[in-house]
Engineer: 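Handing you a structure now.
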Amino acid sequence: MALNASFVSPTADAKVAHRIAHLDANGILSTVLNRLNGWNIALTIFLMLVAYDQFKYIWNKGSIAGPTWKAPFIGPFLESVNPKFSRYYEKWTSAPLSCVSVFHKFVVLGSSRDIARKILNSPSYLQPCVVDAAFKLLRPENWVFLDGKAHVDYRKGLNGLFTRHALEQYLPGQEEVYNTYFQRFVKLSQEQNKGEPMPFMHEFRELMCAVSCRTFVGHYCSEEAIKKIADDFYLITAAMELVNFPIILPFTKSWYGKKAADMVLEEFSRCAAKSKVRMAAGGEKECILDFWVSSMIESEAYRKKVASGVEVDPSEKPANFIRDFSDFEIAMTLLTFLFASQDATSSATTWLFQIMADRPEFLDQVREENIAARNGDIYAPLSLDAIEKLPWTRAVVKEVLRYRPPVIMVPYKAKKDFPISESYTVPKGSMVIPVTWLALHDGEAYPNPDSFVPERWLTGDADKQTKNWLVFGTGPHYCLGQTFAQANLMLMIGKASMMLDWKHKVTDLSEEIKVFATIFPMDDCLLTFTDRTT
Ligand code: HEM
């Protein structure tokens with residue numbers, strides 16, 4: 001104990017009494033303020049924000065599964081920069097409803113079939129949200145961001161581009177691209193790579209980009225432009241990853257993605273202008289753009305006739321009656337088609353080639369029925385109906401899409417509080433993500449779900465499992481291109497089976513899944529192609 005300790009009041013101590021006498025209210029304030037320098041204020045605000053961020057997360061999380069705490073502000077951002085399929089899988093199987101918070105975003109994942117369906121079928125609570133960067137890349141006025149009636153009406157105008165009659169007209173263009181690219185694959189393998197296996201994932205991405213561009217904008221886009229779009233498109237995909245830096249800073253992924261998107265928009269705008277000239281001159285319709293432009297021309301002619309006061313029979317009204325669209329508006333919509341198709345179809349193509357090489361007994365069936373359907377002439381065209389009716393070809397495509405569904409998650413956003421289950425309501429503004437994987441790997445619907453079994457589409461009841469078939473989503477935003485996408489994959493694998501032989505170099509990573517917007521084999525699919533036609 002200090003020696004000068006005493007029992008007298010401190011004020012009785014002369015020194016203390018002197019100090020207290022000089023203390024007034026201003027003095028206290030100035031002492032506190034002197035101590036609270038800039039750093040102290042910043043630290044205090046920072047700690048308050050950390051506490052708020054943490055509290056908000058725990059509040060939003062409520063009763064559902066998810067980490068107990070979040071890393072201040074960023075959450076698992078760094079982990080999400082390089083997402084691992086196994087980590088996603090862990091999360092999906094942790095509970096039907098789970099959550100995570102990244103930066104300011106609270107994200108709820110619905111992984112069971114029924115919850116995923118509920119999310120996809122609740123348009124009054126939810127709207128597709130895409131990631132922040134999508135508004136900047138696809139442009140905020142793009143149709144994909146429309147909601148409710150405006151979305152339904154716009155989509156109606158697009159239906160005419162995907163009718164069976166229209167899809168049939170796109171087939172010759174697609175065949176042309178496959179003939180060219182299959183020869184290229186052989187050249188790449190045999191001449192450039194001297195018969196050694198090489199990763200083909202990027203080649204498949206280019207092939208799919210070329211097929212999509214030919215289908216969407218026909219011959220209005222040059223080979224060089226298609227190559228440039230295919231090469232740069234992965235920049236758009238990278239910018240749209242689920243988790244990305246929220247603002248566009250120079251030299252970030254979003255910045256490169258924006259430049260690539262602007263380039264595609266410019267190219268497609270030029271294509272739209274060319275189609276308008278060609279269709280006005282009575283040219284034949286070959287691609288989606290031509291169908292769109294000719295509907296515009298027919299609609300305008302009808303409008304003029306009505307306006308002129310002549311009596312018009314209602315049957316003259318075009319089936320696809322639409323307004324006029326500017327070149328740029330058309331380009332924005334075509335960019336969304338490319339965005340929607342490019343990664344998903346590239347993923348399906350890569351798995352399809354890999355799986356067929358690993359299971360030659362199924363490839364033989366595909367080849368046999370394709371040659372038979374063409375009476376032995378491997379270059380003979382097939383109608384859309386005939387392609388879809390090839391049983392093994394259809395079965396392997398369906399099974400690839402089930403076994404390795406390209407789109408594993410579809411981001412939506414809560415427009416208002418969303419009672420997703422009896423015990424949990426998703427707070428307004430949250431991201432809500434239905435997961436397709438578990439529905440498609442549900443052993444009750446698809447026995448032996450983790451094996452590739454195309455027979456389930458031939459003799460089993462896989463076609464009846466419509467509730468589980470979430471490959472193309474469900475509800476008002478279900479995939480607009482689903483008939484086209486599946487027929488196109490059937491056409492592709494049928495033609496490849498007749499024109500090519502290919503071998504897959506199986507590695508430890510071949511069955512591992514890499515997540516890059518969609519899913520790919522981790523080793524990028526090492527293949528060697530040879531020509532069957534010579
Ligand atoms: C294997 C290939 C494909 C898969 C797995 C796939 C899957 C999907 C999925 C899961 C959705 C979201 C559905 C929902 O929210 O309920 C979607 C939407 C969409 N897909 Fe596809 N897709 C594929 C190919 C294509 C192609 C080739 C096109 C060509 C135009 C396309 C155009 C679209 C469009 C425009 C939407 C948005 C529809 C809307 O919001 O109304 N997709 N797709």
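Whatever order the structure lists ligands and atoms in, that order sets their numbers, starting from 1.
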Engineer: I need the nearest protein heavy-atom contact for atom 30 (C) of ligand 1: residue, atom name and distance, please.
Structural biologist: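 Nearest protein contact, heavy atoms only, for atom 30 (C) of ligand 1 is F162 CZ, 3.5 Å.
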Engineer: For ligand 1 and Y412, I'd like to know whether there is a polar contact (N/O to N/O, distance under 3.5 Å).
Structural biologist: yes
Engineer: Main chain of S346, side chain of T350: is a donor-acceptor contact present, judged purely on distance under 3.5 Å?
Structural biologist: yes
Engineer: For F325, is the NZ or CZ atom of R323 found under 6.0 angstrom from the centre of its six-membered ring and inside 45 degrees of the ring axis?
Structural biologist: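 Cation-pi check for R323 and F325: passes.
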Engineer: Between Y89 and W92, how do the two ring planes meet: parallel, tilted or perpendicular, split at 30° and 60°?
Structural biologist: perpendicular
Engineer: Please check if the distance between the ring centroids of F353 and F529 is under 6.0 Å.
Structural biologist: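 Yes, the ring centres sit under 6.0 Å apart.
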Engineer: Which atoms of ligand 1 are found less than 4.0 Å from any heavy atom of F484?
Structural biologist: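 Matching atoms, with element in brackets: 27 (C).
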Engineer: Are W143 and ligand 1 in contact, using a heavy-atom cut-off of under 4.0 Å?
Structural biologist: yes
Engineer: Taking 4.0 angstrom as the limit and counting only heavy atoms of V410, give me the atoms of ligand 1 inside it, by number and element.
Structural biologist: 12 (C), 15 (O)
Engineer: I need the protein N, O or S atoms closer than 2.8 Å to atom 21 (Fe) of ligand 1, given as residue plus atom name.
Structural biologist: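 As for protein N, O or S atoms lying under 2.8 Å from atom 21 (Fe) of ligand 1, they are C479 SG.
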Engineer: Cation-pi between R155 and Y478: NZ/CZ under 6.0 Å from ring centre and within 45° of the ring axis?
Structural biologist: yes
Engineer: Between ligand 1 and V144, can you find any atom pair, the residue atom being a heavy atom, that is separated by under 4.0 Å?
Structural biologist: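 V144 does not count as a contact of ligand 1 under the 4.0 Å cut-off.
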Engineer: Using the ring of each side chain (for Trp, its six-membered ring), is Y446 parallel, tilted or perpendicular to W457, with breaks at 30° and 60°?
Structural biologist: tilted
Engineer: Just need the protein heavy atom nearest to atom 1 (C) of ligand 1, so name the residue and atom and give the distance.
Structural biologist: L401 CD2, 3.9 Å
Engineer: Which part of F339 is near ligand 1, with near meaning a heavy atom under 4.0 Å away: side chain, backbone, both or neither?
Structural biologist: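 The answer is neither.
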Engineer: Looking at F291, I'd like to know if the NZ or CZ of K285 sits under 6.0 Å from its six-membered ring centre while staying within 45 degrees of the ring's axis.
Structural biologist: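 Judged by the rule, K285 and F291 form a cation-pi pair.
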Engineer: With sequence neighbours excluded, give me every salt bridge (Lys or Arg N to Asp or Glu O under 4.0 Å) pair touching residues 87-106.
Structural biologist: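 Only E79-R87, R87-E90, K105-D132 qualify under salt bridge (Lys or Arg N to Asp or Glu O under 4.0 Å).
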Engineer: Run the numbers for me: atoms of ligand 1, each under 4.0 Å from some heavy atom of L120, listed by number.
Structural biologist: 14 (C), 15 (O), 16 (O)
Engineer: For ligand 1, indicate whether the residue R155 contacts it via side chain, backbone, both or neither (heavy-atom separation under 4.0 Å).
Structural biologist: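 Only the side chain of R155 comes within reach of ligand 1.
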Engineer: Applying side chain to side chain donor-acceptor pair (under 3.5 Å), can you list everything that pairs with D147, at least two apart in sequence or on another chain?
Structural biologist: K415
Engineer: Under 4.0 Å from a heavy atom of H151: give me the atoms of ligand 1 that qualify, with their elements.
Structural biologist: 39 (C), 40 (O), 41 (O)
Engineer: Given L126, L470, V471, which one has a non-hydrogen atom that is nearest to atom 7 (C) of ligand 1?
Structural biologist: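 Selected option, by shortest heavy-atom distance: V471.
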Engineer: Are any of the N or O atoms of T345 closer than 3.5 Å to those of ligand 1?
Structural biologist: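 No; the residue has no nitrogen or oxygen that sits under 3.5 Å from a nitrogen or oxygen of the ligand.
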Engineer: With sequence neighbours left out, what residues match Y181 under ring pair (Phe, Tyr, Trp, His ring centres under 6.0 Å)?
Structural biologist: none
Engineer: Looking at Y125, does the NZ or CZ of K416 lie under 6.0 angstrom from its six-membered ring centre and within 45 degrees of the ring axis?
Structural biologist: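 Because its charged atom sits under 6.0 Å from the ring centre and within 45° of the axis, K416 does stack over Y125.
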Engineer: For Y220, run the side chain to side chain donor-acceptor pair (under 3.5 Å) check against R278, R214, K274 and tell me which one passes.
Structural biologist: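 Single side chain to side chain donor-acceptor pair (under 3.5 Å) partner of Y220 among R278, R214, K274: R278.
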Engineer: Evaluate the side-chain contact (heavy atoms from CB on, under 4.5 Å) criterion for residues I519 and W437: first the C-alpha distance (whole Å), next the side-chain angles of each, then the deciding distance (0.1 Å), finally the verdict.
Structural biologist: CA-CA 11 Å; I519 58 171; W437 184 277; 4.0 Å; yes
Engineer: Below 4.0 Å, non-hydrogen atoms only: which portion of T474 touches ligand 1? Side chain, backbone, both or neither.
Structural biologist: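 For T474, the contact with ligand 1 is made by the backbone alone.
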Engineer: Considering only non-hydrogen protein atoms, determine which one is nearest to atom 40 (O) of ligand 1 and report residue, atom name and distance to 0.1 Å.
Structural biologist: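 Ranked first by proximity to atom 40 (O) of ligand 1 is H477 ND1, 2.8 Å.
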